[in-house]
Q: 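I have a structure here, written as structure tokens, and I will follow up with some questions on it.
Because only heavy atoms are used, hydrogens play no part in the values below, and waters and symmetry mates are left out as well, while side chains stay in. By convention in this document, chain letters (A, B, ...) are assigned in the order of the sequence lines, proteins followed by strands, and residues within each chain are numbered from 1.
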Amino acid sequence: MLNKYSLQRFYKGWQIFIKNPLGKTGVIILVVFMFMAIASFFVPLIGPMYDPMTGIDPDIRVSTGPSLTHWLGTDNVGRDLLAQLLEGAKVAFIVGLSAAFFSIVIGTLVGMVAGYTGGLFDAFLMRTADIIMVLPSLVILLILASLFGQFNIWIIVFIIAIMRWPAVSRVIRSQTLSLKHRPFIEASRVAGASHLRIIFRHIMPNVLPLAFLYMTFRVTAAILVEAALSFLGFGDPSQVSWGMMLQWVWKSGHMFQAPYWLIPPGVCISLLTLAFYMLGRAMDEVLDPRLRKEGQS
Amino acid sequence: MHQNRTIPKKISRRWYNIFFTRLLPAVFLIVITGMAISCQKSQDTTFLKIGLPEEPRSLNIWLGTDINSRNILSQIYQPLFLRHPKTLEIIPWLAKEEPVFDEAALTYTIHLRKAKWSDGSDFTSEDVLFTKQLFFDFKIPRYYSKWKIIEKLEAPDAHTVVFHLKEPSAIFMSRVMTAPMVSKKEWGPVAKNALTKEKPLRILQDFQVEKPLGTGPFILHEYEKGAYIHMTKNPYFFGEGKNIAGFDLGPYVDNLLFNIYGTTDVAILALKKGDIDYYWWDIQPGYIQDLEENADIDLHFNKKSALYYLGFNLRRPPFDDKILRQAVATVVDKQFILNRILQDYGTPMDSIIPSGNHFWHNPDVRKYGAGMDEKQRITAARDMLKSAGYSWKVPPVKDDGTLTTPSDILLPSGEKMEKFVILTPPADYDPKRAFAGTMIQEWLRKLGLPAFARPMSFNSLLETVKGNHDFDAFVLGYGKLNLDPDYLGAFFSSDNDRPNGWNMSGYTNEAFDTLAAEQRLVVDVEKRRQMIYKMQEMLLEDVPYYPLYNPHIIEATVNKRFEGWVEKVNGIGNIWSLCVVKPIK
Amino acid sequence: MKKSSYILVKLVEVAFIFFVILTVLFFLFRLSPGDPISKMVDPMLTPEDMAHLIEQMGLDRPLWEQYIIYVKNFFTGNFGFSFHYGEQVSTIILDKLKWTILLFTTSTVLAAFVGVFLGKIAAWRKGSSLDNVMSISALVCYTLFIPWFALLLLWILGFKLGLFPLGGVLTPSLWVGNASLFIRILDVLHHLMLPLLTLFIINLGSYLLLMRSSMLSVLREDYIITARAKGLSEKVIRNKHAAQNAALPVITSVGLSLAFSINGGALTEQIFTWPGIGKELIFAVSNNDYPLAQACFLLIALVVLVANLIVDLLYAWLDPRITY
């Protein structure tokens, strides 16, 4: 897999990618957020006051604006907002990447199997994919969340993955279809390789890059859905996420009084999802030469 | 390659033209007009405007059990007796005077006032008989369980009723006589029809009430679902012009307009703008500073008959041990909760019965950690646990008396204490309880206890705690406890310790059970009071629940148009206020 | 396959899927923990009272019996009585439906129109600064976090500038004072503005981007080159040939993006307390009001399925490449 040819391709792709303004911006923003997420591990070490969930400032009892000790201010019980924001970055990455990863795993499997087997089974799988794709994920999550009570963050991730794999599977399937009839696959079949072996040894390595491309789009969906869920009050209450922060500012009645509390989480959610989306679009242009600007190779 | 074919003319130039030349200006016009309209502030004082935080569930009194429905319905349907706003004693309302109690025959003879229903017909003993029959026929939740002690109800004449009881009852006046009276005329046909169906109670509750007949100060005029409720003065209100409980009753406003808001934020803004005169809901302390600075707004602080507490599961370790519970009670810093979480708007709670309920509250129950600072509290708790056989790998207090981070507490049996979970409602549902849970976790950890506070969605929480009893501890509360202390029996009698029973902690104490059963039958209030006092003593000794705090109820009114709000336990939103509030001249 | 049998197959498919959703929903609701009674935190409600209420609500029958009743009821249009409001669920839904339809259709139509129009321009001027600005803005709009954006609009336009009301659908004091129909309509429209603006901006982004990429792929097609060779003016090529063909996938994608729009719609309704189906669903779901939540959800699912069916059929009818 990792031969000279694919490395070359990768390098070339990277060059195109980095020249693309979308790609550049996306990467920069992502790096910033990654620093934030990493920082969230260290900030509580500064002092118990900075724990995002339980860290209250003994001197502060109401929501206050930015100050020297609290760079973004505090929420209405005296917790540091910046610490919460950083923690939110960590949660967003975890949720986004895990949900995307799981949906890729499921989507790739389904896509490959469907494309390879064809026929009725293929039709059935794709129809199922179609149906799931059109159902509003938030609405479904709401019903599930309220029915089954508390959802812990991993269950939310898992359910988002289940709602979001169809888009991946379609792409993988068409890729599989085109690969199916390539000579090297035919050759393996003649040589007596089992279907499973063909799928996993030959097809999968070739569709994986595409799968990972689509992962970026899944990440945006996952982050937005988790944030919406937390915002409405159905998220995991033991996690401080950006959606949770927005819920607190809304429900504690500080929406109109505390812009320093209202604005940052929302900006972060939007920026992070934007960054992933930009990344995805840039990668799209790398993989699909027709989308590149005129004049580039 | 696809062919060039025409598709339905959905997108053509003409439409774009229309959009930009017609629609946009129209939008602009709407905005301007809208602003103009909303800027008209009427100084009309014939309307008292009240904000509600949520749509009332139903104006059918048998279904509308939520607080917003009850607020509205309590202006319509009236009971025979209700509580004096200041002394909290039971006084006659639809009844003319105090009842005549025949101890030997176990009867209460009550003379009714000459009141009228809102359509002009008379309120008679027929209506009382009918209401009683309704409770019995349908086993109406909340009311039937209290009324079933009535053996017989007679109506010797149109304005007299005689209740025959099966046994003496302490709660007859406070719980039975405070039930609302409904009109036979309005509910008769509905009840008759419902009784012929398979699920009569459901039919009764689902009946769509259009024009409820009431004896109260206001009647329903218009109900625009989701937006507002318009009530007008009841011309037949029996209290008009009379002096009851020291108040000259009106009402002095012709109209009530209840605006339904989605969030407290928006309602407070409406209050500040003057769109409403009163917001009928508790306001979080966070708003106080902002509202205090506003000269047009008055803040009202009153005590609540409420209980917010830490509950334990006595059915299993570790909280099956009384000493541990008492130690936990000792380390909980109630002052902190009062200062921080309630921001000083509240009273510490020492007994299960709040201090605002001054007659029944026992001020001499055992207090834990009172007046101690953190070090003293932890040391005292450590001593209690040590003498009960607990030990630590690293104890919380060093030999020289300084505090240290403890670890690995061992039970008297020598085993390590397993981690336990304190369940709380989520922060959006009630930030105070959620935060209290977090802080309690921290305090217990300082004692070496492996405590974990976990917010849980309210429904799940109730299911876990009340339904399947699978929990260690929890922080919950009752926002509006009845002023009659009979609920002590409901919460702590052992026969209520069953799935979905109200004894969530699993407290079993025979002596307590006996007292609880007995006090129900004692009519002499002084004698009963002694028993209630004793029950509280037991509860604070055994601590199945540890009372944490009792928040004040904080409300806000606009002082420019109306005055005369009646302050009482549980706030100014009550029938007295509405009957007495006057426009400012 | 002939066209008519294709349609039939599609219809049967939709019906089947809907039935599956119906069944799954039933079992989910019934098998979940918690029930409406447990939300009544009143110490004076004895366990007997609770058992009585459960019995009255029919929650004590065996599961399969409840299911049969459930399916039967659904097909006769009886959605039961809401546990919370005590009213017929169908009445409640009809009441709220009009508001959702008002908000939803206006925002979708406006967003589609403007999005297509701007996307057309962006694609035509690909690479220019105008295109970049529009694309980036569209991208930003697409990834905005709806509740936050709605709160922001509420704060700035509603509170700080006081241009719009802070929620709800009408001004009570106006309606009580016997205002004329014209004023009432204006009042409602005034309240509509903010939620409309929110949804419009969110959806605009996706329509713009879609139209842009669709247009870009159309512009590479041979017949455009032919048209240019014929000497037709740029404007005519753009609007008559390219745009009309490029718009087709956008229209059909309305079906796919419906899920996205519905999520957004529910959130918007919640923030602006716009009394629509979305907000009612959220409320019913937090109150364990089974009949109401169920009906809201089924309605949404039905709308999604039917919309996609229509889009499928439309696409098939219009694009001769599709084989039935």
Q: Relative to chain B, which segment of C:Phe159 carries a heavy atom at a distance below 4.5 Å: side chain, backbone, both, or neither?
A: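 It is the side chain, since no backbone atom gets that close.
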
Q: Please identify, among B:Thr263, B:Leu63, B:Leu59, the residue contributing the most non-hydrogen atom pairs under 4.5 Å to chain C.
A: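 Ranked by contacts with chain C, first place is B:Leu63.
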
Q: Is it the backbone or the side chain of B:Lys139 that comes under 4.5 Å from a heavy atom of chain C, or both, or neither?
A: both

Q: Is it the backbone or the side chain of C:Leu166 that comes under 4.5 Å from a heavy atom of chain B, or both, or neither?
A: both

Q: Which residues satisfy the ring pair (Phe, Tyr, Trp, His ring centres under 6.0 Å) test with B:Tyr144, sequence neighbours excluded?
A: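 If we apply the ring pair (Phe, Tyr, Trp, His ring centres under 6.0 Å) test to B:Tyr144, skipping adjacent residues, the hits are B:Phe136.
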
Q: Could you grab the distance from atom CD of B:Glu55 to atom CZ of C:Phe283, nearest 0.5 Å is fine?
A: 8.0 Å

Q: With a 4.5 angstrom heavy-atom cut-off, is it the side chain or the backbone of B:Phe138 that approaches chain C, or both, or neither?
A: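 Looking at B:Phe138, just its backbone touches chain C.
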
Q: Mind listing the closest non-hydrogen atom pair of B:Ala227 and C:Pro172 along with its distance?
A: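 Smallest heavy-atom distance, with atoms named: O-CG, 4.1 Å.
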
Q: Looking at C:Lys98, I want to see if its NZ is surrounded by more than 12 non-hydrogen atoms of other residues, nucleotides or ligands under 6.0 Å.
A: yes

Q: Under the ring pair (Phe, Tyr, Trp, His ring centres under 6.0 Å) test, which residues partner B:Phe207, sequence neighbours left out?
A: B:Trp187

Q: Name the region of C:Lys279, side chain, backbone, both or neither, that has any atom closer than 4.5 Å to a heavy atom of chain B.
A: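 The answer is neither part of C:Lys279.
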
